[in-house]
Number of protein chains: 4
Amino acid sequence: MGEVRAKRMPRAERERQMLDAAVRVFGERGYRAASMDDIADLAGVSKPLVYLYLNSKEELFSACIQRESAALIAAVREGAMGGGAADRQLWDGLRAFFTHTARNPYGWAVLHSHARTGGEAFVAEVMAMREEIVAFVTGLIVEAAREAHGDPALPGREVAGLAQALVGAAESLAGWANTDASVTAKEAAATLMNFAWAGLGNLMEGRRWSPPPGA
Amino acid sequence: MGEVRAKRMPRAERERQMLDAAVRVFGERGYRAASMDDIADLAGVSKPLVYLYLNSKEELFSACIQRESAALIAAVREGAMGGGAADRQLWDGLRAFFTHTARNPYGWAVLHSHARTGGEAFVAEVMAMREEIVAFVTGLIVEAAREAHGDPALPGREVAGLAQALVGAAESLAGWANTDASVTAKEAAATLMNFAWAGLGNLMEGRRWSPPPGA
Amino acid sequence: MGEVRAKRMPRAERERQMLDAAVRVFGERGYRAASMDDIADLAGVSKPLVYLYLNSKEELFSACIQRESAALIAAVREGAMGGGAADRQLWDGLRAFFTHTARNPYGWAVLHSHARTGGEAFVAEVMAMREEIVAFVTGLIVEAAREAHGDPALPGREVAGLAQALVGAAESLAGWANTDASVTAKEAAATLMNFAWAGLGNLMEGRRWSPPPGA
Amino acid sequence: MGEVRAKRMPRAERERQMLDAAVRVFGERGYRAASMDDIADLAGVSKPLVYLYLNSKEELFSACIQRESAALIAAVREGAMGGGAADRQLWDGLRAFFTHTARNPYGWAVLHSHARTGGEAFVAEVMAMREEIVAFVTGLIVEAAREAHGDPALPGREVAGLAQALVGAAESLAGWANTDASVTAKEAAATLMNFAWAGLGNLMEGRRWSPPPGA
DNA sequence: CATGAATGAGCATTCATTCAT
DNA sequence: CATGAATGAATGCTCATTCAT
């Protein structure tokens, strides 16, 4: 039993408890290895109640993904909401991203590590979330290019690739920061900004790294 | 049944077949969702034979990770083996990486997506492989700094973070290239080089992006 | 299916049914040869329910041993509880033993024949029960010696051997009585008393059978 | 692998090796828990060879029972073969029994502990062996009665019961002696003789222990 | 004679899911 | 609203047994 069973609470709160438990168990064990028994136990409710509220393991997992996705996106958006120059917005968004993932390791594990293991449907859901972040980042890059150069010289395809790289680097650094406790969100964000900003700037001004002629 | 059953073949060959099948099934479904029945079927053998040769699901998965890790590292090393300047080596290594992951999507999925879901032991194995690649990349970065500036001004901690970011970006782009068939290995490599090279160069010369004062 | 399935009964009763079935199947086939399927079928429940209540085959077997041991010891103790002279108590205990084993052939088979085959842990459990009975019998023998001769001339080691022999003879006669239905518990008890009593009496008075000189 | 594989030995010897291994493995683990793999390994031969020579697990186990039964009976008969008075013969036979079982613990375990767990057929085989010993002992008892009293006053049924008790006591003491290494075969035999002889003598002279009137 | 290669069938165990109360 | 009772369907793994060489 996860905790003392407090009877008769409003449905919304019960559901939140269940989702909390589910996110934790899914995040620790993965979709398949997590059992509905464990989740119900940790939530302090009986299994049929979980089914009554959330219908099935699939829907429960889906609900976890939805909630954690929304929370992550909201955190990043809110972080970047202060406005300012594009680099400032990117910096703020990254810090919010690293802070949020460090504070919600189970939710982040669900999104980053385990969503892929539960079948096509979940992959799609997480991809949608990821696309939303990528789109957000893409917007920032384009805006930065416009600010700096008036005219975005970058083809959309290239911007998409850059955003993918940036997001992947961020994900990797999030894992790094979660593994090594001495790495702060701020440090991870700084590392990534340093890594990315000059490269982005170069590209926006049309300077490219050229592959060696023979390659 | 996966294919026509060719009976009575030498053990080494059968084992390879089994590993091929296992990599595919694990890559498609993940560790837990993959069933030994499916793997045996796809390999065209009975389950007991799989156990006779590979002992258990855990060992089988481990063997997959080992084989695919070794193959990926070998591909990257071989790609970069031509020597030349550090940027050239990085470029060659990245191309080899994207080419290999594109050609071995199941193996890549096992390493990148699913190894985390099978328990601590597997995580450790994949992390070891990842560390090997990160160390390789780190070496290239340090060497590049030395070539360009005589003295590596970067602290080890910062280099580690950069390597993490670079590898994460590469992983993300590999997923991008695998999802969107129109993205070639070369294009992914070029995107990443362009993204990363100037940032790295700036850092090596001590130029950093500075967070805005109020942050 | 063993019997008509009466649905929805309280846990305690279901557990008793399961133990009844398990004792029977274990007693008939032995630990290894007994299958959880057979036990569940005979109990009229599904296998998962057996696992929900009894956890594992090992624990189920252990529970059988515990229950049957306790029942047998209780029967013997209650039989001998009437008091009286030591020979009277022994006689009463033996009759109770033969009656109980005849009425519970499966339980007796579990204890006598099959507990040895399920691994060290079970051996220990049955040995503990056997030691309890041996100790009980030993006590009667010592008491009888005291009653008859004031001073027990028998060393403890010899008493232990006698008790072992007596219990072994009883076990053998229990098998005999179970095999040949015409042998009653009373007859088996009388045979054993006749066999044992005079020998015990002789020993208590210090008269021993002497091995021939050349041996 | 149990030992170095010496190739090409005559069939009889190979079969003996296999039986040795089988007796040991069956004796240690019981019929069901013993695996043909273990037996073949311990015998230092391949599994198909075991099947070629001994046909099946059942037949192999049966062969073990036959061989060990014959050896035990032969040992007892040979021990008692010296002749002399009936008590001397019984004493010699018992010593031979305890000596043999102490020297062949695996064989004894097969006969005493595990033969019951392999199904009806094996029980019958062991029972036949046991009946042979019981008959032998019965003969000694009857002979002793004749020697001492000229006329056997004991009904056959009573003699059978006594023999059962005596053999059971011997079996129990064999287990005792095998468990506690400080108990010698001679001591076990003396304990049993002392236990039994006076009781048998009394019975032969018509003196019986009488159950208390009210029982 | 002897074995490496191979399998059909079974077993203990677990899990998502559903009723009856 | 909430739960104790119950199960169909897998799943990892093992074993006795048999060919093809």
Side-chain angles (χ1 to χ4, degrees), chain A residues 5 7-11 14 32-40 44-61, chain B residues 5-11 13-15 32-40 44-60, chain C residues 5-11 13-15 32-40 44-60, chain D residues 5 7-11 14 32-40 44-61:
Chain A
R5 231 163 254 222
K7 306 245 167 187
R8 299 272 161 181
M9 55 177 52
R11 170 159 183 161
R14 271 269 194 256
R32 293 282 307 215
S35 89
M36 296 296 273
D37 276 277
D38 293 340
I39 292 168
V45 298
S46 71
K47 234 183 331 172
L49 196 58
V50 178
Y51 278 87
L52 185 64
Y53 284 178
L54 290 139
N55 301 319
S56 73
K57 195 185 187 184
E58 279 205 339
E59 279 189 39
L60 174 55
F61 191 53
Chain B
R5 222 164 264 218
K7 304 246 169 184
R8 294 271 150 178
M9 55 177 55
R11 172 165 180 158
E13 194 174 347
R14 269 279 191 251
E15 271 190 28
R32 295 281 309 219
S35 91
M36 295 297 272
D37 276 278
D38 293 340
I39 292 169
V45 298
S46 70
K47 231 186 331 174
L49 200 58
V50 178
Y51 278 89
L52 187 63
Y53 288 172
L54 277 315
N55 300 319
S56 72
K57 195 183 187 184
E58 277 205 344
E59 277 190 41
L60 175 56
Chain C
R5 222 165 262 217
K7 304 247 167 183
R8 293 273 151 177
M9 55 179 54
R11 172 165 181 159
E13 193 174 348
R14 270 278 191 249
E15 271 190 29
R32 294 282 307 219
S35 92
M36 294 297 272
D37 276 279
D38 293 340
I39 292 169
V45 298
S46 70
K47 233 184 333 173
L49 199 59
V50 179
Y51 278 88
L52 187 64
Y53 288 173
L54 277 317
N55 300 318
S56 72
K57 195 184 188 185
E58 277 205 346
E59 277 190 39
L60 175 55
Chain D
R5 231 165 255 222
K7 306 245 166 186
R8 298 272 161 184
M9 55 177 50
R11 169 159 182 161
R14 270 268 194 259
R32 293 282 308 215
S35 90
M36 296 296 273
D37 276 277
D38 293 340
I39 292 168
V45 298
S46 71
K47 233 184 331 175
L49 196 59
V50 178
Y51 277 88
L52 186 63
Y53 284 177
L54 289 138
N55 302 318
S56 74
K57 195 184 188 185
E58 280 207 338
E59 279 190 37
L60 175 56
F61 191 53

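As a basis for the values below, the full set of heavy atoms in this structure was taken, side chains included, without hydrogen atoms, waters or symmetry mates. Here is how names work: the chains are called A, B, and so on, in the same order as the sequence lines, proteins then strands, and each is numbered from 1.
Between B:Met9 atom CE and F:dC19 atom P there is a gap of 21 Å when expressed in whole angstrom units. Taking atom CZ of C:Arg8 as the reference point, atom P of E:dT21 lies 7 Å away to the nearest angstrom. In this entry the distance linking OH of A:Tyr53 with P of F:dA2 reads 5 Å, nearest Å. What separates CG of D:Leu49 from P of F:dA16 is a distance of 17 Å, to the nearest Å.
Once rounded to the nearest 0.5 Å, the distance linking OH of D:Tyr51 with NZ of D:Lys57 reads 8.0 Å. A distance of 10.0 Å separates CZ of B:Arg8 from CZ of B:Arg14, quoted to the nearest 0.5 Å. D:Leu60 contributes atom CG, which lies 5.5 Å from atom CG of D:Leu54 (distance to the nearest 0.5 angstrom).
Across F:dA16, E:dA2, F:dC13, the shortest atom-to-atom separation from the side chain of B:Lys57 is found for F:dC13.
Within the nucleic acid shown, B:Arg11 comes within 4.0 Å of sugar-phosphate atoms alone, with no base atom in reach, counting heavy atoms only. Residue contacts for B:Ala34: at a heavy-atom cut-off of 4.0 Å it reaches the sugar-phosphate backbone alone, with no base atom in range.
The base-pairing partner of F:dA9, taking Watson-Crick or G-U wobble contacts with both distances under 3.5 Å, is E:dT14. Taking a pair to require two hydrogen-bonding distances under 3.5 Å in either a Watson-Crick or a G-U wobble arrangement, E:dT21 pairs with F:dA2.
C:Arg14 has a side-chain polar atom (N or O) that falls below the 4.0 Å cut-off from OP1 or OP2 of F:dA6.
The nearest heavy atom of DNA chain E to B:Lys47 and to C:Asn55 marks one nucleotide each, and the one closer to the 5' end goes with B:Lys47. When each of C:Pro10 and D:Tyr51 is assigned the nucleotide of DNA chain F bearing its nearest heavy atom, the one mapping closer to the 5' terminus is C:Pro10.
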